[in-house]
Trainee: 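Take this structure first; my questions come after.
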Amino acid sequence: MDSYGTLLKQAREAKKISIETAAKDTSISSYYIEALENETTGVFHGEAYVVGFLRNYGDYLELDSQRLIKLYHNALTQEMPVPEGLIQKPKSSYFLPVIILSAIVVIAIAVLLTIYFKVYRPQQIEKQNTYAISNKVQEKIYELDEKPLTARIYVGDQIIVPTTDGSVVLTVNSDTNSRLGLQTPQGLQYFDLSETRELDVDGDGSVDIVVDVWEISSNENSRGAEVYIMLRDSAIVKNVDSTSIPISEGSKKQQTIILEDNRAYPFTLNATFRSPGVFRYAVDRKASQEGYYNSGDAVTLSANNRVRVWVANGNTVKFQIVAVGRTHDLEIAKAGEVIVEDIKWIRVDDFHYRLVVEELD
């Protein structure tokens with residue numbers, strides 16, 4: 001008989017997808033993906049997590065998720081121990097009646113458990129999810145300023161955007177499955193996963209904000225959406241003090257140009273961990289910080305002039321630069337090697353600046 005773990009593993013291997021790739025695509029930790037394939041469900045915090053991950057992972061592998069959940073429930077029923085009182089050795093004079101009675105009780109318990117796990121329990125979980133969505137205790141209100149907003153937002157949350165004609169309120173729409181819906185004075189706007197888009201919120205023809213959707217569930221409103229939102233108005237976004245950037249006299253170190261502009265401005269470095277590892281960084285002139293991060297962890301660093309990063313294994317981290325609404329993926333990772341890089345502004349002349357990645361010894 002097929003097991004849900006075998007079906008998942010065979011489907012992934014048939015599609016030639018690694019566990020790390022599956023974890024990245026589904027936002028499910030590789031630790032939990034391996035647990036599903038090995039059917040070690042004891043690592044999950046509860047049955048609802050197992051069912052939710054089975055549904056998401058099964059859909060990702062184009063399997064029948066309902067069948068996977070059914071196989072999981074069947075396996076769970078089979079693993080439940082028979083009550084101790086039912087397997088005690090009866091007295092010889094009542095051996096046959098006790099066996100018959102025990103069989104009837106076991107069958108009755110199996111029927112009740114099947115009804116519970118296949119009918120009642122899924123309905124309760126669905127009711128709980130619906131209640132959590134429709135009865136959120138308090139919606140949050142975020143007010144944008146010079147610092148970009150990095151947050152997980154939910155249905156009903158509001159974002160206040162300052163404009164030249166006053167503040168504009170955006171509301172997270174109820175339709176957030178697979179995409180983020182923002183209700184604006186100009187109508188309902190949708191944003192897909194990993195989409196970065198400029199938005200005119202007050203209808204004056206100029207861009208007011210930049211919205212970047214980092215993570216969103218394909219079928220659960222209750223998980224909300226992880227977003228990065230920043231003001232785009234040049235009157236609000238600060239320039240970097242150009243005098244703090246010396247004129248470059250030419251570097252013999254290997255450099256990769258990220259972007260060029262006639263001014264320098266603050267930028268953000270996003271580091272997302274594909275697998276566990278040690279990561280150290282220093283922002284501008286501040287002291288360096290170091291930590292150990294697990295797969296799926298993320299670090300966001302905002303800098304004016306420079307970010308220096310040290311990575312014990314270059315392939316464990318994915319880097320992304322966000323500068324005034326433009327997003328750039330950095331391909332600086334080297335598998336198995338220690339990486340030391342500077343991401344910084346250099347000044348070519350008084351009217352020409354470059355944001356570069358410079359490899360250090």
Trainee: Would you please name every residue forming a side-chain hydrogen bond (donor to acceptor under 3.5 Å, both in side chains) with Y32, sequence neighbours left out?
Mentor: none
Trainee: Would you please name every residue forming a ring pair (Phe, Tyr, Trp, His ring centres under 6.0 Å) with F273, sequence neighbours left out?
Mentor: F279, Y293
Trainee: Between CG of D192 and CD1 of I216, what distance do you get to the nearest 0.5 Å?
Mentor: 9.0 Å
Trainee: Set out, in order, the CA-CA distance, both residues' side-chain angles and the distance that settles side chain to side chain contact (heavy atoms under 4.5 Å, CB included) for Q158 and Y142, then state yes or no.
Mentor: CA-CA 6 Å; Q158 294 183 333; Y142 300 93; over 6 Å; no
Trainee: With respect to D157, which candidate in I141, V172, T171 satisfies the side-chain contact (heavy atoms from CB on, under 4.5 Å) definition?
Mentor: V172
Trainee: Under the salt bridge (Lys or Arg N to Asp or Glu O under 4.0 Å) rule, collect the residues that match up with E260, sequence neighbours excluded.
Mentor: R354
Trainee: Does E226 come within less than 4.0 Å of R152, counting only side-chain N to carboxylate O?
Mentor: yes
Trainee: Could you work out, with side chain to side chain contact (heavy atoms under 4.5 Å, CB included) as the rule, every residue matching L259, not counting sequence neighbours?
Mentor: Y265, A323, H328, W345, L355
Trainee: If we ignore hydrogens and angles and just use 3.5 Å, is the side chain of T114 paired with the main-chain N or O of A110 as donor and acceptor?
Mentor: yes
Trainee: Side-chain contact, heavy-atom cut-off 4.5 Å: T163 with V201?
Mentor: yes
Trainee: Output the distance between atom CD1 (I229) and atom CG (L180), rounded to the nearest 0.5 Å.
Mentor: 7.0 Å
Trainee: Applying side-chain hydrogen bond (donor to acceptor under 3.5 Å, both in side chains), name anything that partners D329, two or more places apart in sequence or on another chain.
Mentor: Q320
Trainee: Within 45 degrees of the axis of the six-membered ring of Y353 and under 6.0 Å from its centre: does R347 put its NZ or CZ there?
Mentor: no
Trainee: Once you round to the nearest 0.5 Å, how far does CG of L144 lie from OG of S167?
Mentor: 10.0 Å
Trainee: Y72: which residues meet the side-chain hydrogen bond (donor to acceptor under 3.5 Å, both in side chains) condition with it, sequence neighbours left out?
Mentor: none
Trainee: Has the side chain of N262 got a donor or acceptor atom that lies under 3.5 Å from a matching backbone atom of H352?
Mentor: no
Trainee: Taking only residues two or more places apart in sequence, or in another chain, which ones meet N270 in a side-chain hydrogen bond (donor to acceptor under 3.5 Å, both in side chains)?
Mentor: T300
Trainee: State the CD1-CD distance between I19 and E13, to the nearest 0.5 angstrom.
Mentor: 8.5 Å
Trainee: Donor-acceptor pair, distance only, cut-off 3.5 Å: does the side chain of T40 make one with the backbone of G42?
Mentor: no
Trainee: Would you please name every residue forming a side chain to side chain contact (heavy atoms under 4.5 Å, CB included) with S288, sequence neighbours left out?
Mentor: R280, A282, W310
Trainee: Identify whether the distance between the nearest side-chain nitrogen and carboxylate oxygen of R308 and D342 falls below 4.0 Å.
Mentor: yes
Trainee: Is the backbone N or O of R306 less than 3.5 Å from a side-chain atom of D284, with the two atoms forming a donor-acceptor pair by type?
Mentor: yes
Trainee: Between V357 and F319, does a side chain to side chain contact (heavy atoms under 4.5 Å, CB included) hold up when you go through it step by step?
Mentor: CA-CA 11 Å; V357 178; F319 291 106; over 6 Å; no
Trainee: Check the pair L68 / L7 against side chain to side chain contact (heavy atoms under 4.5 Å, CB included), numbers first and verdict last.
Mentor: CA-CA 8 Å; L68 295 173; L7 292 176; 4.0 Å; yes
Trainee: Less than 4.5 Å apart, any side-chain heavy atom of F191 and any of L199?
Mentor: yes
Trainee: Output every pair passing side chain to side chain donor-acceptor pair (under 3.5 Å) with a member in residues 52-65, not counting sequence neighbours, ordered by first then second residue.
Mentor: K15-E62, D25-Y60, E37-Y57, N56-N219, D59-S65
Trainee: When rounded to the nearest 0.5 angstrom, what is the spacing between CZ in R274 and OG in S295?
Mentor: 10.5 Å
Trainee: Who are the salt bridge (Lys or Arg N to Asp or Glu O under 4.0 Å) partners of R223, not counting sequence neighbours?
Mentor: E215
Trainee: Kindly give the heavy-atom pair with the smallest separation between V43 and Y31, and that separation in Å.
Mentor: CG1-OH, 3.4 Å
Trainee: Got I107 and I109 here, is their nearest side-chain heavy-atom distance under 4.5 Å?
Mentor: no
Trainee: Among residues at least two apart in sequence or on other chains, which ones pass ring pair (Phe, Tyr, Trp, His ring centres under 6.0 Å) with Y49?
Mentor: H45
Trainee: Indicate yes or no: at least one non-hydrogen side-chain atom of D202 is less than 4.5 angstrom from one of D208.
Mentor: yes
Trainee: List in chain and number order the residues that pass side chain to side chain contact (heavy atoms under 4.5 Å, CB included) with K70, two or more places apart in sequence or in another chain; answer none if no residue qualifies.
Mentor: N74, K118
Trainee: In Å and rounded to the nearest 0.5 Å, what is the CG to CZ distance from L54 to R67?
Mentor: 13.0 Å
Trainee: Decide yes or no for I321 and T327: does some side-chain heavy atom of the first lie under 4.5 Å from some side-chain heavy atom of the second?
Mentor: no
Trainee: Take V210 and R197 through the test side chain to side chain contact (heavy atoms under 4.5 Å, CB included) and record every step on the way to the result.
Mentor: CA-CA 6 Å; V210 178; R197 180 150 54 93; over 6 Å; no
